[in-house]
Amino acid sequence: MTGAEIEQRNIDLMGETLGKQYSVLFREVAALHLYWNEFLELFATNDERIVRLNQAAPTFFQMLQDQQFETNMSHLARLTDSSATGTKQNLTVRNLPDLVNDQGLKDELLRHVDDVVSKTEFCRDWRNRRFAHNDLLLATQDRRAKPLPTATKEKIADALKALSDMMNVVERFYHKGLCSFGDVISHKGAGSLLSILGFGIKARDQMLDELKQGNYTMGQSPDSI
């Protein structure tokens, strides 16, 4: 089914408002799992991969790691924000309980909202004081600054599980099944990149060895010399 067909199916089952918001949230949660899995593949799987990235382009991959860390944390914060900021309404999983009519479903979603909000509070603190704004006391390392909470891959994994569990409450009620969000979209980009980098580093090292030995024709055809 296409994205439009899935959204229409959700609208038919859930009603216009819930169906539209749930469809967009579903795509956001799936994308977040994709981004996080790619981050883990590159930067949090094993030390050999870090060595390879540093051999290839250390400054670039450090920049990418910092940016992707910020992207994933900010994404979690956005998806679990309050339903409104001032007079502006937000797309957030906190909207879901108020959009359903079944009281049992509403109560179950409210319990999951509490769990999700609790497990993502550290993301919103990082977003508010480091990513979206630059807290002065933190930036200047003032002793009065409240330290940012620790942000580990285990805490992010717990937050993602809580978020997935909440979405699956809706999946189970309306579609009579569950969704493994980590498997919704294939995440092979990081693995492919690491493989290509490995071949490239070997080729570069071989070329440098040849140059040290005075062979300046490596990789060139006789006609191109």
Side-chain angles (χ1 to χ4, degrees), residues 1-3 6 22-81 91-93 112 115-132 148-168 171 177-208:
M1 297 176 69
T2 66
I6 291 174
Y22 180 75
S23 297
V24 179
L25 285 168
F26 186 100
R27 292 194 293 269
E28 290 281 329
V29 173
L32 176 56
H33 279 79
L34 169 64
Y35 300 156
W36 179 241
N37 285 333
E38 294 283 31
F39 179 88
L40 293 178
E41 283 285 324
L42 280 177
F43 304 113
T45 299
N46 59 56
D47 291 339
E48 291 182 1
R49 294 186 176 186
I50 299 299
V51 169
R52 182 174 298 181
L53 297 178
N54 286 333
Q55 288 174 330
T59 302
F60 172 79
F61 283 112
Q62 181 61 60
M63 177 182 68
L64 182 63
Q65 182 177 2
D66 292 343
Q67 290 176 344
Q68 289 305 303
F69 172 74
E70 178 178 338
T71 294
N72 283 291
M73 293 274 282
S74 297
H75 203 161
L76 267 171
R78 286 196 307 274
L79 284 174
T80 56
D81 263 335
L91 175 71
T92 163
V93 295
H112 280 274
D115 188 39
V116 168
V117 170
S118 174
K119 290 180 177 176
T120 55
E121 186 58 40
F122 75 102
C123 298
R124 283 183 295 281
D125 196 9
W126 273 81
R127 189 270 310 275
N128 294 341
R129 294 198 290 147
R130 175 60 62 84
F131 302 146
L148 287 168
T150 57
T152 65
K153 64 180 182 181
E154 288 79 16
K155 289 177 71 171
I156 292 178
D158 285 344
L160 285 171
K161 183 179 185 305
L163 187 59
S164 298
D165 288 346
M166 182 179 184
M167 297 295 287
N168 271 317
E171 284 290 307
L178 299 176
C179 178
S180 177
F181 283 92
D183 300 324
V184 169
I185 306 174
S186 176
H187 54 280
K188 297 181 180 179
S192 297
L193 175 62
L194 286 162
S195 179
I196 292 170
L197 284 176
F199 287 116
I201 290 167
K202 289 179 181 178
R204 181 194 64 188
D205 292 345
Q206 183 179 354
M207 180 186 69
L208 291 175

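For reference, positions follow the sequence shown, starting with 1. Because only heavy atoms are used, hydrogens play no part in the values below, and waters and symmetry mates are left out as well, while side chains stay in.
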To the closest 0.5 Å, what do you measure between CG (L160) and NZ (K119)? 11.0 Å
Hey, what do you get for NE2 (H75) to CD (Q68), rounding to the nearest 0.5 Å? 11.5 Å
E41 backbone acceptor or donor facing R49 side chain under 3.5 Å: yes
Just checking E154: does its CD atom have more than 12 heavy atoms from other residues, nucleotides or ligands closer to it than 6.0 angstrom? yes
Has E38 got a side-chain atom pairing as donor or acceptor with A190's backbone, closer than 3.5 angstrom? yes
Residues E70, R127: salt bridge by 4.0 Å N-O rule: no
When rounded to the nearest 0.5 angstrom, what is the spacing between CG in L25 and CZ in R27? 9.5 Å
Which heavy atom of R52 sits nearest to which heavy atom of I201, and what is that distance? O-CD1, 3.4 Å
For residues L79 and E28, report the shortest heavy-atom separation together with the two atoms involved. CD2-CB, 3.6 Å
Is it the case that atom CG in D47 sees more than 12 heavy atoms from other parts of the structure closer than 6.0 Å? no
Going by the side chain to side chain contact (heavy atoms under 4.5 Å, CB included) test, name the single residue among N168, L32, T120, D158 that passes it with L163. L32
Taking atom CG of L197 and atom CZ of R204, what is their separation to the nearest 0.5 Å? 9.5 Å
For residues L42 and L193, report the shortest heavy-atom separation together with the two atoms involved. CD2-CD2, 4.2 Å
For A151 and M73, work out which heavy atoms get closest and say how close. CB-CE, 3.7 Å
Can you tell me how far the OG atom of S180 sits from the NE2 atom of H33, to the nearest 0.5 Å? 8.0 Å
Under 6.0 Å from the NZ atom of K155, do we count more than 12 heavy atoms belonging to anything else shown? yes
When you measure from the side chain of T45 to the backbone N and O of L40, does any donor-acceptor pair fall under 3.5 Å? yes
Can you tell me which residue pairs pass the ring-ring contact (aromatic ring centres under 6.0 Å, His included) test with a partner in residues 44-72, sequence neighbours excluded? F69-W126
Just by distance, no angles: are the side chains of R124 and T80 close enough, under 3.5 Å, to form a donor-acceptor pair? yes
Rounding to 0.5 Å, atoms CZ (F199) and CG (L194) come to a distance of 12.0 Å
Under 4.5 Å between any side-chain heavy atoms of Y22 and E171, yes or no? yes
Over 60° means perpendicular and under 30° means parallel, so tell me whether F39 and W36 are parallel, tilted or perpendicular. parallel
Which atom names give the shortest non-hydrogen contact between A30 and F181, and what distance separates them? N-CD2, 4.0 Å
Taking all atoms of both residues into account, what is the closest heavy-atom pair of D115 and A162, and its distance? OD2-CB, 3.6 Å
Side chain to side chain, T2 and I6, heavy atoms closer than 4.5 Å: no
